[in-house]
Every structure is written in structure tokens, then in C-alpha cells.
There are 2 protein chains.
Amino acid sequence: MDGTQDDLLPRGMALLWGIDERQRRGPRPALTIHDIGAAAVRIADEEGLAALSMSKVATTLGFTTMSLYRYVDSKDDLVLAMLNEAYGAPPAGGPRTQWRPWLIRWCEANRAALVRHPWILQIPMGEPPLTPNLTGWLEEGLTALHSTELSEQEKLSSLLLAEVYVRGQVQLMGAFDTPAAKQGEFGYAARMRRVLDPDRFPHLATALASGALEDDDGGEDEFRFGLEAVLAGIDRLIEKRVAG
Amino acid sequence: MDGTQDDLLPRGMALLWGIDERQRRGPRPALTIHDIGAAAVRIADEEGLAALSMSKVATTLGFTTMSLYRYVDSKDDLVLAMLNEAYGAPPAGGPRTQWRPWLIRWCEANRAALVRHPWILQIPMGEPPLTPNLTGWLEEGLTALHSTELSEQEKLSSLLLAEVYVRGQVQLMGAFDTPAAKQGEFGYAARMRRVLDPDRFPHLATALASGALEDDDGGEDEFRFGLEAVLAGIDRLIEKRVAG
DNA sequence: CATACACAGTGTATGTCGTACGCAGATGAT
DNA sequence: ATCATCTGCGTACGACATACACTGTGTATG
């Protein structure tokens, strides 16, 4: 039999959470789940998610491929550990009574993580990852909204909205802003122009022609702008709550 | 040499867009990119995205694996064709002057597509897919917002917000609502309870205990509710525009 | 009408990957 | 001192995506 398993959490997650039912016999592990996650993150950062393989991670660490399976059940499990490392601890809290700047900081930090680790947007997610750090981010968000009159359900909805906006925004900007080299000839914008028949998509054509989506500032303004809409939506929820 | 290629669009995309530089010699193709996309969609719907392989799609159609490569450049290319089929044509337009109900319908239809094809949320997306139907959806959204005073940039931001909210909502609900069987013992909720220390995550614990996230109606109410916040955010943008 | 060419579908082969299985040595509990 | 148990490793297997070369086919060209 093999410790660490209660068949509910994969091994990597159990290690992340410190739920370790290992017996205290045998050699001590030479690695930690954090070492492995960090090494994998480094590879994904530098060479992209497609270049990430179990063997590459293992080689980087100076171990064999199979040794990793003492720490994670599967590659999916490894990816969860990567997410945990990539996000790190949630941003420091803000003033107790003002949810707005707090939430803005939360979103900015979230965005920063996505910009630093673009591969995060490429990992297929069936369900929200249940890792310590990501759970911490969620807790932090709820804390930011604690001073409001929102119900728990509404707080979660608000955070979902904010989180999901950040992801979408970064993804969209990534398609347009990334290495300008690709833009000119073979980039996304070029392909778009190739297929965009103004007769068939009049509004989209005018939008493109108007220069929308051609931010050169990395989409910072655009981000803050859309974020205002998100916060306005949350504001409306709060107003409704207070009013009736 | 081989027609259909201008090295800008992958072959599957070129076929979808009807940009076909094929010579008019040789046997006619027995399949269409739509046949292939539809077959792949059926497999993903029934057996999940993980079970999708080139050979399985080909077998379903009664052809060999390699024959598919006459229609798509790669599996990624196939996935784009799948998305195009899965979304289909955008929903019918609404009244010219009222963007709100129009956009609501747009979001509902979007949600319906995601619920019908849950695998969509699992496909890794680096950039917004540039297929005819998806472009049509975007155009339709811009049309809905045409009567507003928003700038083109703002319209796109608004649609991004709406789109991205729908995705996030469906994904979150999927993690909780799917086959209740899994919920009881080994489901997401169970794993969450396993790791959620109320001392470490007080707000999250109370939120969970409050019964949030325990919709049994498939999250319909929850969806409409959050959507209200999104629309309120867009409303705010419009008001700002009008005011100043 | 004859011919040649481009293209469709196929068969084979290759390299990569995830991962199941079992072993040898190390370590600490008994 | 003994032995259960764990670590890291070597081997092996099965999928899978996909490159390449071949065969037959139907159309356009002479």
C-alpha cells in the first residue's frame, strides 16, 4: 500500500495541502511538490505549454521521468501544482471598509500573473482548481467584499465576474499585442483582415477599421476601462441590496 | 504543389471560409469540412474531449486517419472546425432599438451552446478562434449594440465582458451541478469540504456553509442574476458616454 | 480522343508521450 | 537485528499525431 492517498485528492494536491498520510519509514523524498511545480512553470514560461513533458521536467530537476510519479498522479495533477506555483500567494489586503480599491488590486494582481505566465490561459480547465494558493485568492476576494451588504452567493458571483473578465481581457490582448513581428504579416490581425468581408460583417469591419483593438500600450487602458464596467455591475448589485 | 494553401490560414479554416484555391482536376473530395467537424463534435459530446482522436473521427466517417489530413492541417485545425460546428449560426436578431433584450438573447444562446457541448470549455484557447460562425456571433453582438452611443472599442469590450461571463458561469456551474452522483461522495463539493479549513479560509467557509453554490436548478437563476450585473456594467458605460 | 497532371484516399513508419509495473537500495520503526 | 515501507529508476507498452510515398481517378489540355 502507498500512503498519501485517500482516493479523494490526487497525490500532488494532497502534498500541496500538507495532507500527507505517509508512513515515516524509508528514504526521505529528495524533492518537494513545490520544486516540481516551479521547474515545470519555468519550462512553460520559457518554451510554452506544448514543450512541457514529464521527461523534460524530470531532466531539468536531474531526476528520471518516473520519479515524478512519486509526487503527482498524472500530468493533470502536475498542472495543478503549476497553477499553484504560478499564482503564488494572493495580494496583500486593502482597507477594511473600501471594497473597490481592494478588488481593483486583486484584479491587477490576477492580471499580472496571467501576463507573467501566458500558458495559464491555454490549460484546459474543467473545474476551478482546488489548490491552496488559488483558494487563498478566492478567500482574499471574499474578504475584500466582506464589508458590503452582498449575500454570499452574490459575492461569489461578483468575484467570478471579475476573475473571468481578467482572463478574457488578457487572452484577447494576447492575441493582438504579442510580438509585433507576427502582427505585420502573419499575425492574428493579418488573418482577420484576410477573412473579414465588410459586406458580410459590416459592424465588425467598421470596428476594426476604427482602430479598435490596436492598443500599443499593452492594453493597460483598455483593461482599466473594462474593469470599470465590471465594478459598476457589482456596484449595482450592492445598490439593489441596500435599496431593497 | 497543393492548392488551398496560402500559408496564412490552415487548410481547415480556408475550407470553412470557402477560400479554396484547389485546381479543378482529380477526384472530387468525398467529405466536407463540415462533415468532419460534425463527426468530431458528436464524439466529443458523447465521449468527452479526451476520447477524441484523429483515428476515431476518421473511423466514424468510414475513412482512414490520414484522409482527414486532406481537410485539416492538424488536430488543432480540426478543433477550430469543431467549434464552428458546435456554435452554429448566431441567434436571430432582436429589435433594432433595444440592445438589452437582444444581448440577453445572445448570452442565453451562447450559454446554451456551452451547455450542449461542455467540452468547449476544455479546449485550450490561445487566441479567439477565427471561424465564420464565431465571427458571425461577434458581428451579431456588435449589431445588437449598434443603437448605443458606445465607441467601437467599448462595444467590443462589452461583448468580451458578456462572452467571458457566460463562459465562466457555465464552467463554475458545471463543476458543481454535473451528475449529482459524483457530488455526494467524490465530487467537487466533497473535495472542497476536504481541504477547506474554516480557520484558514473563514469567509469561504461561511459562504459554502450558507448554501451558496448549491443551486439545484442548473444555475439558471444564478446565471440571470449575474447577467444583470454585466448588463448594469454596460449600462454604466452607455450613461457615461451620453453624459460626457 | 489521347494524354498528362493534380488531387483523393491509403498504408506504412516514426518519434513522442504518458504511465503501468516491478526491482534494488535506503531508512527508520520494532 | 530485522523487516516493512518508501524512494528513485529501468523497462516496456499502448496511444497518438503526423510525415512520406504510392495508387488510382477524373478533369483539363493538346
Side-chain angles (χ1 to χ4, degrees), chain A residues 1-5 7 10-12 14-15 19-33 35-36 39-40 43-44 47-82 123-124, chain B residues 1-6 10-12 14-15 19-33 35-36 39-40 43-44 47-82 123-124:
Chain A
M1 205 33 136
D2 196 315
T4 317
Q5 291 302 72
D7 285 357
R11 189 185 294 202
L15 290 175
I19 303 172
D20 195 340
E21 297 172 359
R22 252 176 256 244
Q23 309 282 353
R24 283 276 150 246
R25 254 184 241 196
R28 311 303 288 248
L31 296 170
T32 69
I33 184 69
D35 295 334
I36 295 173
I43 292 172
E47 309 179 46
L49 195 59
L52 185 91
S53 68
M54 297 299 264
S55 85
K56 189 164 254 171
V57 176
T59 305
T60 298
L61 290 165
F63 287 78
T64 62
T65 305
M66 291 313 294
S67 69
L68 297 188
Y69 286 92
R70 292 282 166 198
Y71 302 85
V72 288
D73 278 350
S74 66
K75 195 182 183 183
D76 286 350
D77 202 7
L78 168 67
V79 170
L80 291 179
M82 291 173 66
I123 77 162
Chain B
M1 204 32 137
D2 197 315
T4 318
Q5 291 302 72
D6 59 0
R11 191 185 296 213
L15 290 176
I19 303 172
D20 195 341
E21 297 172 1
R22 251 174 257 245
Q23 309 283 353
R24 284 273 151 249
R25 256 186 239 194
R28 311 304 290 248
L31 296 170
T32 69
I33 184 70
D35 295 334
I36 294 173
I43 291 171
E47 309 179 46
L49 196 60
L52 185 91
S53 70
M54 297 300 264
S55 87
K56 189 165 253 169
V57 175
T59 305
T60 297
L61 290 166
F63 286 78
T64 62
T65 305
M66 290 313 294
S67 68
L68 296 188
Y69 286 92
R70 293 280 165 196
Y71 301 86
V72 291
D73 279 350
S74 66
K75 194 182 183 183
D76 285 350
D77 201 9
L78 169 67
V79 170
L80 291 179
M82 290 175 65
I123 77 162

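Side-chain atoms are counted along with the backbone in the values below, which use heavy atoms only and exclude waters and symmetry mates. Letters A, B, ... are given to chains in the order of the sequence lines, protein chains preceding strands, and every chain is numbered from 1.
The pairing partner recorded for C:dG25 is D:dC6, the criterion being a Watson-Crick or G-U wobble arrangement whose two distances lie under 3.5 angstrom.
Nucleic acid contact for B:M54: sugar-phosphate only, since backbone atoms but no base atoms lie under 4.0 Å from a heavy atom of the residue. Contacts of B:Y69 with the nucleic acid, taken as non-hydrogen atoms under 4.0 Å apart, include base atoms. Nucleic acid contact class of A:T65 (heavy atoms, under 4.0 Å, all strands): base.
Contact between the side-chain N/O atoms of B:Y71 and the OP1/OP2 oxygens of C:dG9 is found at a separation under 4.0 Å. Between B:S67 and C:dT10, a side-chain N or O to OP1/OP2 separation shorter than 4.0 Å is present. Distances shorter than 4.0 Å separate none of the side-chain N or O atoms of B:T64 from OP1 or OP2 on C:dG9.
Without hydrogens or angle criteria, A:Y71 side chain to A:I36 main chain gives no donor-acceptor distance under 3.5 Å.
Atom P of nucleotide D:dT18 and atom CZ of B:F63 are separated by 20 Å, given to the nearest angstrom. Atom NZ in B:K75 sits about 15 Å away from atom P in D:dA15, given to the nearest Å. The nearest whole Å value for the distance from the CG atom in B:L61 to the P atom in C:dG9 is 11 Å. When rounded to the nearest whole Å, the span between CZ of A:R25 and P of C:dG28 equals 12 Å. Between B:L68 atom CG and C:dG11 atom C1' there is a gap of 15 Å when expressed in whole angstrom units. Computed from coordinates, the B:L31 CG to C:dA8 P distance equals 11 Å when rounded to whole Å. Separating the NZ atom of B:K56 from the P atom of D:dC16 is a distance of 7 Å, rounded to the nearest angstrom. Counting to the nearest Å, the C1' atom of C:dC7 and the CE atom of B:M66 are 15 Å from each other.
Position along DNA chain D of the nearest nucleotide to B:G26 versus B:S74 favours B:S74 as the more 5'-ward residue. Between A:G62 and B:A50, the one whose closest nucleotide on DNA chain D sits nearer the 5' end is A:G62.
Checking A:I123, A:V57, A:L52 one by one against A:M82, the side chain to side chain contact (heavy atoms under 4.5 Å, CB included) holds for a single residue, A:L52.
For a distance-only test at 3.5 Å, the side chain of B:R70 qualifies as a donor-acceptor partner of the base of C:dG9.
For B:D73 against B:P10, the heavy-atom pair with the smallest separation is OD2-CA, 3.3 Å.
Here the straight-line distance linking atom CG of B:D35 with atom OG1 of B:T60 works out to 12.5 Å at 0.5 Å rounding.
Side-chain contact annotation: A:S74 with A:D77, donor-acceptor N/O pair under 3.5 Å absent.
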